[in-house]
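Below is one structure; the comments refer to it alone.
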There are 2 protein chains.
Amino acid sequence: MPNILDVALKAHVSIATVSRVVNKSHHKVNLATQERVREAIRELDYRPNALAKGLLMKKTMTIGIIIPDISNPYYAEIVRGIQDVADQAGYAVTLHNTDKKPEGIIRYIYLLREKSADGIIFSGGIINGQETLSILKELRERVVVIGRHEVDFPAVMVDNIGGAARAVQHLFDIGHRRIGFIGGPDGSTTALDRLTGYKNTIAQNGVTFSPRLVKKGMWTPKSGYLLGTELLKGKGRPTAIVAANDPMAFGAIKAAKALGLVVPKDLAVVGFDDIPLSSYFDPPLTTVKIPMHDLGAASMTMLLNLISGEKFKKVKLFKTTLQVRESTVEPLKKADRKKY
Amino acid sequence: MPNILDVALKAHVSIATVSRVVNKSHHKVNLATQERVREAIRELDYRPNALAKGLLMKKTMTIGIIIPDISNPYYAEIVRGIQDVADQAGYAVTLHNTDKKPEGIIRYIYLLREKSADGIIFSGGIINGQETLSILKELRERVVVIGRHEVDFPAVMVDNIGGAARAVQHLFDIGHRRIGFIGGPDGSTTALDRLTGYKNTIAQNGVTFSPRLVKKGMWTPKSGYLLGTELLKGKGRPTAIVAANDPMAFGAIKAAKALGLVVPKDLAVVGFDDIPLSSYFDPPLTTVKIPMHDLGAASMTMLLNLISGEKFKKVKLFKTTLQVRESTVEPLKKADRKKY
DNA sequence: ATGATAATGGAAAAGCTTTACCATAGGGCG
DNA sequence: CGCCCTATGGTAAAGCTTTTCCATTATCAT
C-alpha cells in the first residue's frame, strides 16, 4: 500500500503539500501543484492510513454498539437506526453481542477503549457491578444508553411502563379481568418496566396481582409457546395475555390454538414492539408499538452531540402507542378504532 | 490514557520490558520485575493502544461485513454466525449496510482499506462493474463472499437452485400444476438462482413457463402481499405459490386470506429461508430451510484460514432442505413426512 | 534596484507500539 | 583471580499521518 511519501515523491513535492491537498488545508497550494498531487494519488490509488491518522488525531471515526443479540429483530432495527445516522456522519460502527457470555460487556468496553472508539452505544443487557461502573466512569462523556435510566449517562428512553399500562387497560376496557403476562428474563430493565406497567394497571382496575398469571420468558417464540401453554393449561386460565414482545405473543397464540382456543374470542393477546411481521400474522397482532429505528437514530444523534461537545438534552423519551389489531378485538370499523 | 512509557516509568523498567511482559515474549524477564510491571499496569489501568499496534504489526484484528440490510432477519442471522466465530478468534467486526445507496459497496471497500481491516465478508447485493472488480483485486486474498459464485473469491454457497427445485417439485408431487413465483429484486443472484430452480423444475414436469405467474418482490411482507394479490386476482390464478423468502410468503398468505381463500386447501404456499417465526405462523409455513447461522460461521472460518495462510477448500456449498409444514399440506403423520 | 511581503514548500515532532540488536552485570569455571 | 557466557534490560527504528513552525522564492512597490 502506497503511503504519503510515495505520493510526494511521485509528484515531486513534500509530504506536507500532499497532506494539504488531501485535507483541503486553508494553507494555499499552487493549482498546478495540486493537480500534480491529485494525479499521483490517482495513479497510486493512495488513501491515507486511518490507523496513523487516528493515532495522531485521537479520533477514529468509529463507534461501538453493545447489544445482547443482533438476530433479535428488535435490536436489528435499533442497530439499523444507529447506522443510518452514523453512516451519514461518516462514522463506522463495530457490533458486539453480549449474550451467551456474562463477562461480555466489560470485555467489549476494554476492547473499544483499546481501539480508541469515539463512543459507545449500549442497549439491553445488564449494566451493574462495581467494575463495570468504574470502567464506564472513565468514558463518561462518550457513552449513550438506550432503554435504561438508572445509570447517569445520556439516555434514549422508551415509555415501557406506559406502554404496558395501555396494553393492559385496553384489555380491561374490552371486558377482561384475568390477564396473564409473559415477561422477559431477569435482569432486563425493559422486561422489568413492562411488568411494572402491567402490575400498576391491574391494581388500578381493582384486580389483585396473582403471581400465577405471570411468567418469565426469554424473548423467543418458543418460550412464548411454552409459557403460554402453562398459563392456559392451569386452572383459572386467563382470558387475555400480554406478552413482553411480539415473538412471544406469536408463541402464546400458537399455544392457544393448539389447545383449541380461538383468538380473540377465547383468548385475547397483546404483544410488544410491533415488528414488521406482526401485522401479517393471523390474526394480526395487537401490540405496543416501539419506534425501534428512531430509538437507534436518536441515540446516535446524541452521541454525535456528545462528541462534538454541543449542548443537548440528556434524556430523550419516546412514547409508545397501542396498535389495536385483531388479536384482541374482532375487526372494527375505522372510526371505532380511534378511541384506543 | 496512560501509555507504555507511563507504565515503564512507574515500574522502573524500560518500555521493552513492559512490552515483553504484556506480550508474553519468550525473551525472559525476571519474575520480580514481571510482578512490578503487572502492578503498574493494574494501577494505571493500562491497555496497549490498538491503533499503534495495528499500525506497526499490520494487523488490526478487525474485519468488515458488507450486507444490504441488517434489519432483514436473513442477514441478521448470517451476521450473528460471523460474529460468533469472529469473537471466538478475537476479531472485532464492523458492519456496513449498502441498500439505499448504490455507490455503497465501493465506498465501504475503500473505508475498510483505509482502516486496515484484516478481511471483508460480502453478502448479497450486487458486485460488478469494472471499478468494483479492480478495487477488489488488490484485496483478493482477504475477501470471502457469501452466496455468489461468479467472482473468483473464496465463497460460501447455498444450493438455491436445488432448494427452489425441491419446493416446486413438492408442489407438483401433491398435485399442483399452476404454480406462481414471487421472486426477489433484479440484480440479486440469490433471487436469480431461486427463479432458475423454479423454471427448471416446471419444465421438467412438462409445464410451460408463464411470465404471468412470476413477480418480482422486494423481500418484504408488503411486497408479498401486493404481488400475491396480483397473482390471485388475475385470471388463471395459480393453485400454489413459491415465494423467494418467508416474509413475502407471509404477505402472500395474507393476500389469499383477504380474498377468501383457505391455505392450503385453495392455495398452497412455500417460502424460503425458514426464519424462526415461520413455524409459528398460521398455518405453519412450508419453506426451504437455509442454514443462515452456519453460512455466516463458515464464511468467517474461511476468512480466518485466508488470513492465517492455511490451505482450505475455496468453495463450500450448503445444501438446502425442504421443511414441509401446513401451508402446503394438511397435517401429516411423521412417517409420511419423510418422503420430502 | 532593493527591500518587504505574500505565496508556497519543507523539516521535524508527536502520537504509541513492537522487536531486533546491543549493552551490561553477575556468576561460574578454569 | 580473570574471563566468558548467560540472563536481563535498554535503545532505537519503523510504521504513517498531520501540523506547526521555518525557509525560500518571487513579485511588487518605492
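Numbered from 1 within each chain, the chains take letters A, B, ... in sequence-line order.
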**Request:** Would you please say whether a donor-acceptor pair under 3.5 Å links the side chains of B:Y108 and A:D87?
**Result:** yes
**Message:** I want to verify a distance call: between D:dG9, C:dG9, D:dG15, whose nearest atom is closest to the B:V29 side chain?
**Reply:** D:dG9
**Prompt:** Does a side-chain N or O from A:K58 land closer than 4.0 Å to OP1 or OP2 of C:dC16, or not?
**Reply:** yes
**Complete:** Nucleotide by nucleotide, nucleotides 18-24 of chain C touches protein heavy atoms under 4.0 Å in the pattern (B base, S sugar-phosphate only, - none) BBBB---
**Item:** Exercise: do B:T98 and B:H96 side chains pair donor with acceptor under 3.5 Å
**Value:** no
**Atom-to-atom span, NE2 of B:H12 to C1' of D:dG10 - whole angstrom** = 16 Å
**Request:** Going by the side-chain contact (heavy atoms from CB on, under 4.5 Å) test, name the single residue among B:I120, B:I307, B:I121 that passes it with B:R142.
**Result:** B:I307
**Message:** So which atom in B:A191 and which in B:P185 form the shortest heavy-atom distance, rounded to 0.1 Å?
**Reply:** CB-O, 3.9 Å
**Request:** Mind calculating the distance between CG (A:N49) and P (C:dG15) to the nearest angstrom?
**Result:** 18 Å
**Asked** To the side chain of A:N3, which of D:dC16, D:dG9, C:dT8 is closest?
**Response** D:dC16
**Request:** Check whether the side chains of B:D84 and B:H293 place a donor and an acceptor atom closer than 3.5 Å, and report yes or no.
**Result:** yes
**Item:** A:R38/A:E43 salt bridge by N-O under 4.0 Å criterion
**Value:** no
**Request:** Write down the distance between CG (A:L5) and P (C:dG10), rounded to a whole number of angstrom.
**Result:** 12 Å
**Prompt:** Considering only D:dC16, D:dT8, C:dG15, which nucleotide approaches the side chain of B:N30 most closely?
**Reply:** D:dT8
**Request:** Provide, to the nearest angstrom, the distance between the NZ atom belonging to A:K59 and the C1' atom belonging to D:dT17.
**Result:** 16 Å
Donor-acceptor contacts under 3.5 Å from residues 55-66 of chain B side chains, at least two apart:
residue, atom, partner, partner atom, Å
B:K59, NZ, B:Y91, OH, 2.6
B:T60, OG1, B:S116, O, 2.8
B:T60, OG1, B:D118, OD1, 3.3
B:T62, OG1, A:K115, NZ, 3.2
B:T62, OG1, B:T60, O, 3.1

**Prompt:** Want to settle it: does B:K28 or B:L51 sit nearer the 5' end of DNA chain D, counting the closest nucleotide to each?
**Reply:** B:K28
**Request:** Rounded to the nearest angstrom, tell me the gap between atom CG in A:L55 and atom P in C:dT17.
**Result:** 9 Å
**Item:** Gap between atoms CG and P, on B:L31 and D:dA7 respectively (whole Å)
**Value:** 14 Å
**Fill in**
In whole angstroms, the gap separating C1' of C:dC16 from CG of B:L9 amounts to 15 Å
